[in-house]
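Chain naming here is simple, since letters A, B, ... match the order of the sequence lines and numbering starts at 1 in each.
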Protein chains: 2
Amino acid sequence: MTDHFNVAIDCIIFGFDHLEEKLKLLLIKRDFQPGKGSWSLMTGFLKAEESFDEAADRILAFQTGLSNIYLEQLHAYSGKSPHPNTKSIAVAYYALINIHEHKNLSTKHSAKWFELDTRPKLIFDHDEMVAKAILRLRRRTITRPIGFRLLPKKFTMRQLLRLYEEIWGQNFDRRNFSKKVNTLGIIIKLDEKDRNSSKKGSYLFKFNKEKFIEMEKSGFTFISKKKPA
Amino acid sequence: MTDHFNVAIDCIIFGFDHLEEKLKLLLIKRDFQPGKGSWSLMTGFLKAEESFDEAADRILAFQTGLSNIYLEQLHAYSGKSPHPNTKSIAVAYYALINIHEHKNLSTKHSAKWFELDTRPKLIFDHDEMVAKAILRLRRRTITRPIGFRLLPKKFTMRQLLRLYEEIWGQNFDRRNFSKKVNTLGIIIKLDEKDRNSSKKGSYLFKFNKEKFIEMEKSGFTFISKKKPA
DNA sequence: GCAAAAGTGTTACCCTTACACCCATGA
DNA sequence: TCATGGGTGTAAGGGTAACACTTTTGC
């Protein structure tokens, strides 16, 4: 009676390289059909007994070896079928990871990190998915301190600032930024200093998870968008 | 090889009754299996040759007779299958319509408008979908003047205010509200007055579509959320 | 000493909020 | 005239944006 479809799960994997201070995207060069030789998102198919979330976890774990990663459903896409003769839909997920804490991934297939503005063209509607994921990521940084998923456990204020600048594609005032973040009470200054980036050395911070959980309930604004010039 | 699923499209249909000043939800009492006798969202199945958006349009048109309705994808749900023996997923859409401009719907099945706080329990995961749709609707009222889809072509400031109060479940200051809306330039005051709601009569407004399109590009804030008391 | 990054402080301005007051009109 | 809803104005407060200045330390 009703038509049946196979359900692809496509994963947009964002990573922040806090040394290069660049937001990156993990893509694979397909060594299988269809679209062999092209770049694409990590992908897999939904199994009958699992939920979307479970499938996204499984696919990400299988392809990168990572578990316990932040994953969020982005959108469901219909239309362009990866296999010409089967009816197919896709559900896109995006994931956030810290690059340097997970160096030994990128194993399966030919996976490679790309900076956003030099990424290759992707197959199917994957470019559309990435564009939507970036917008979602921006929105999330306002409502939630999602950026902490992308940073190492201990980080400097500069790294946090650069992360936000990368996500938004614009610069923020360094002084106002740290003031805002500090008044929110969502990060904790440690006694350690990082001396890699400056001669003076800058304090390391860690994320205040308890404070965040408390604030999340009432809803808050993390960083406001700069006014258009 | 890969498992196959049928794809349900579930429609959350919001309507604003500008006479009763109530936000309502259109639900159907199912006269078919599964879940016969229970209340549920309008639903249908995706066909092989159509997109999600097309399917949502088709299902809404078939069940209500309405076309050209604002529809937006909400979320994709896996798990609870309407038919026990088939693997099924659902993609939820929400629609916005003005109740009194479309009086002759509610025909197919036993459709009925419910106020949000007195709606019946729904089958499957439809309650979860409705909850998410309300949150989405709130967010949209901030970013976009989506509320105008729910009002008649000509409306009073009071009706617009009441609509926002219904969506947010809280009261706004009448004077600040109209000031804010006016400065945005997104509505146009007409020379007509409506005398139904008051003795003095209140001006009718219409939506300034051109201004909106212009503003949409740069991104704007329509109405800000009141601070939690 | 000098350069470079980090830390702290100050001010102006805009937007929101919380109000008060007047107007028009049917009963 | 009075009650009711409608229209307009003003002042205080909070938060952001735009700045300047000092500190630390390797070279």
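Under the 4.5 Å side-chain criterion, counting only non-hydrogen atoms from C-beta, B/Trp113 is not in contact with B/Glu20. Between B/Ile167 and B/Leu150, some side-chain heavy-atom pair lies under the 4.5 Å cut-off.
Relative to the axis of its first five pairs, the axis of the last five pairs of the helix from C/dG1-D/dC27 to C/dA27-D/dT1 sits at 10°, rounded to 10 degrees.
We find that NZ of A/Lys180 is positioned 14 Å from P of D/dA18, with the value rounded to whole Å. Across the protein-nucleic acid pair, A/Phe177 atom CZ and D/dT16 atom P stand 13 Å apart, rounded to whole Å. Protein atom CG of A/Leu184 is 10 Å distant from nucleotide atom P of D/dG15, rounded to whole Å. Following rounding to the nearest Å, A/Phe172 (CZ) and D/dA18 (P) show an atom-to-atom distance of 12 Å. Whole-Å rounding puts the A/Asp194 CG to D/dT24 C1' distance at 15 Å.
Looking at B/His18, its side chain never comes within 3.5 Å of a backbone N or O of B/Leu151 through a donor-acceptor pair.
Legend: side-chain hydrogen bond (donor to acceptor under 3.5 Å, both in side chains) pairs involving residues 195-211 of chain B, not counting sequence neighbours, sorted by first then second residue: B/Asp194-B/Asn196.
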Distances for protein N or O near nucleotides 4-9 of chain C N or O, under 3.5 Å:
unit_1	atom_1	unit_2	atom_2	d
C/dA6	OP1	A/Ser197	OG	3.3
C/dA6	OP2	A/Arg158	NH1	3.3
C/dA6	N3	A/Lys200	NZ	3.2
C/dG7	OP1	A/Tyr203	N	2.9
C/dG7	N7	A/Arg174	NH1	2.9
C/dG7	O6	A/Arg174	NH2	3.0

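With B/Phe148 as reference, B/Phe155 is the one residue of B/Tyr70, B/Phe155, B/Phe16, B/Phe212 to meet the ring pair (Phe, Tyr, Trp, His ring centres under 6.0 Å) rule.
Listed by chain and residue number, B/Met157, B/Ser178, B/Ile187, B/Phe205 satisfy the side chain to side chain contact (heavy atoms under 4.5 Å, CB included) test with B/Asn182 (two or more places apart in sequence, or in another chain). Listed by chain and residue number, nothing satisfies the ring-ring contact (aromatic ring centres under 6.0 Å, His included) test with A/Phe52 (two or more places apart in sequence, or in another chain). Qualifying side chain to side chain contact (heavy atoms under 4.5 Å, CB included) partners for A/Glu165, counting only residues two or more places apart in sequence or in other chains: A/Leu161, A/Arg162, A/Asn171, A/Phe172.
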